[in-house]
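Order of the sequence lines fixes the chain letters, A, B, ..., with proteins taken first and strands second; residue numbering starts at 1 for each chain. Given the structure is predicted, the values throughout are model-derived calculations rather than measurements.
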There are 2 protein chains.
Amino acid sequence: MSEATMTIREMCDTYDVTPRTLRFYESKELLFPIREGQRRLFTKRDRARLQLILRGKRFGFSLEEIRQLLELYDIGDQQHTQIAKTYEVARQRLADMERQRDELTETIADLKEQLKWGERFVASMNKPKRAAE
Amino acid sequence: MSEATMTIREMCDTYDVTPRTLRFYESKELLFPIREGQRRLFTKRDRARLQLILRGKRFGFSLEEIRQLLELYDIGDQQHTQIAKTYEVARQRLADMERQRDELTETIADLKEQLKWGERFVASMNKPKRAAE
DNA sequence: GACATACTTGACGTTGACGTAAGGCGTACG
DNA sequence: CGTACGCCTTACGTCAACGTCAAGTATGTC
């Protein structure tokens, strides 16, 4: 059974990040590891948040934007104040992401179209006029 | 009818970028405006490339990555050498983008799920136990 | 000729997201 | 006891993608 908390090294190995990155995220208030003496212990909540951070980054969100998104996820768990406002932020983000997805879908189609060209061309290079062997 | 070339200012107004950005892209070999004396003239090809640059940026591609993508688009037009290699780069990019799209779709679904919570909560805040007025 | 304007080329500044190096603390081992 | 880890903080370094500022050139225009 997985332990309740993880050390910084376990975190690094698990999620393929450096200690510096985790400390940096803490300093930016994206993670809130507890302390045992002077050492950090990362909870299940920190791990869930880190996964969302890494995912967000892959979409080009800035850390500050991700921090706002994380606020929303917290609200899902523990009902908080300021819900209406943060809710608006989230609707906004969601609309952005849907636009981005649609545009991405379109670009993929474009690119596939271009690749047809390359495909026929590459194929013709591998097949001389008449096959030998 | 649109002229064959555009000045740097026309480009800036059309695509909402700064002169500095266009010169920077030229220095990085993303654009190749011709010269009339010392001034730049941007061709139709430059405009097509700029659109792809701006689109690429929205997906978080680096300028260097975009430069590689642009090479591919050139191949679609004027058949070039090194096709097989660049073709491979493109298949790679395409796979990346499809993975990214799928993940984005999933994240959107997650986020919508969270928002249902917020929605019910916000609704309950606007409706006290029994309506007054 | 003086001036405005539109463009040019350096060159240094800025921001975000860390990398990296220096020096200190606490425990564990030989 | 020394020293070897593993972690800590502080602080300066780096890279991409431009912004910003200074100084120069060509063209028109009063």
Query raised in the report: Are A/T7 and A/R40 side-chain neighbours, meaning at least one heavy-atom pair lies under 4.5 Å?
Result: no

Report summary line: Hits for side-chain contact (heavy atoms from CB on, under 4.5 Å) against B/L54, two or more places apart or cross-chain, chain-then-number order -> B/Y15, B/V17, B/L50, B/R58

**Report entry** Contacts of B/R49 that satisfy side chain to side chain donor-acceptor pair (under 3.5 Å) - sequence neighbours left out
**Finding:** B/D74

Query raised in the report: Can you check side chain to side chain contact (heavy atoms under 4.5 Å, CB included) on A/T5 and A/F42, steps first, answer last?
Result: CA-CA 5 Å; A/T5 63; A/F42 295 83; over 6 Å; no

For residues 29-39 of chain A, tabulate all N or O donor-acceptor pairs below 3.5 Å that involve a side-chain atom, not counting sequence neighbours.
{"unit_1": "A/R35", "atom_1": "NH1", "unit_2": "A/Q38", "atom_2": "O", "d": "3.0"}
{"unit_1": "A/R35", "atom_1": "NH2", "unit_2": "A/E26", "atom_2": "OE2", "d": "3.4"}

Query raised in the report: By salt bridge (charged side-chain N to carboxylate O under 4.0 Å, His left out), which residues pair with A/E106, not counting sequence neighbours?
Result: B/R55

Query raised in the report: Hey, where on DNA chain C does chain A first and last touch, going 5' to 3'? Cut-off is any atom under 4.0 Å from a heavy atom.
Result: C/dA17 to C/dC25

Requested in this report: Under the side chain to side chain donor-acceptor pair (under 3.5 Å) rule, collect the residues that match up with B/T14, sequence neighbours excluded.
Outcome: none

Query - Residues in side chain to side chain donor-acceptor pair (under 3.5 Å) contact with B/E10, at least two apart in sequence or another chain - result: none

Report summary line: Residue set satisfying side chain to side chain donor-acceptor pair (under 3.5 Å) with B/D13, at least two apart, ordered chain then number -> B/R9

Query raised in the report: What parts of residues 29-41 of chain B reach DNA chain C, counting only heavy atoms under 4.0 Å away?
Result: B/R35, B/Q38, B/R39, B/R40

Query raised in the report: Just how far is it from atom CZ of B/R45 to atom CG of B/L70, taken to the nearest 0.5 Å?
Result: 9.0 Å

**Report entry** A/R47/A/M6 under side chain to side chain contact (heavy atoms under 4.5 Å, CB included): CA gap, chis, key distance, verdict
**Finding:** CA-CA 9 Å; A/R47 295 196 293 274; A/M6 288 173 69; 3.2 Å; yes

Query raised in the report: What residues, two or more places apart in sequence or in another chain, satisfy side-chain contact (heavy atoms from CB on, under 4.5 Å) together with B/T18?
Result: B/R20, B/T21

Query raised in the report: With the sugar-phosphate defined as primed atoms, P, OP1 and OP2, and the base as all remaining atoms, what B/S/- string results for nucleotides 12-17 of chain D, 5' to 3', for protein heavy atoms under 4.0 Å?
Result: -----B

**Report entry** Length of the line joining B/I8:CD1 and D/dA26:P, which is rounded to integer Å
**Finding:** 18 Å

Query raised in the report: Using rotation axes that map the C1' atoms of four end pairs onto the next four (five pairs an end), what angle separates the end axes of the helix from C/dG1-D/dC30 to C/dG30-D/dC1, to 10°?
Result: 30°

Query raised in the report: Is the closest side-chain heavy-atom distance between B/R23 and B/P19 below 4.5 Å?
Result: yes

Requested in this report: Using a heavy-atom cut-off of under 4.0 Å over every strand shown, decide if A/R23 touches base, sugar-phosphate, or nothing.
Outcome: base

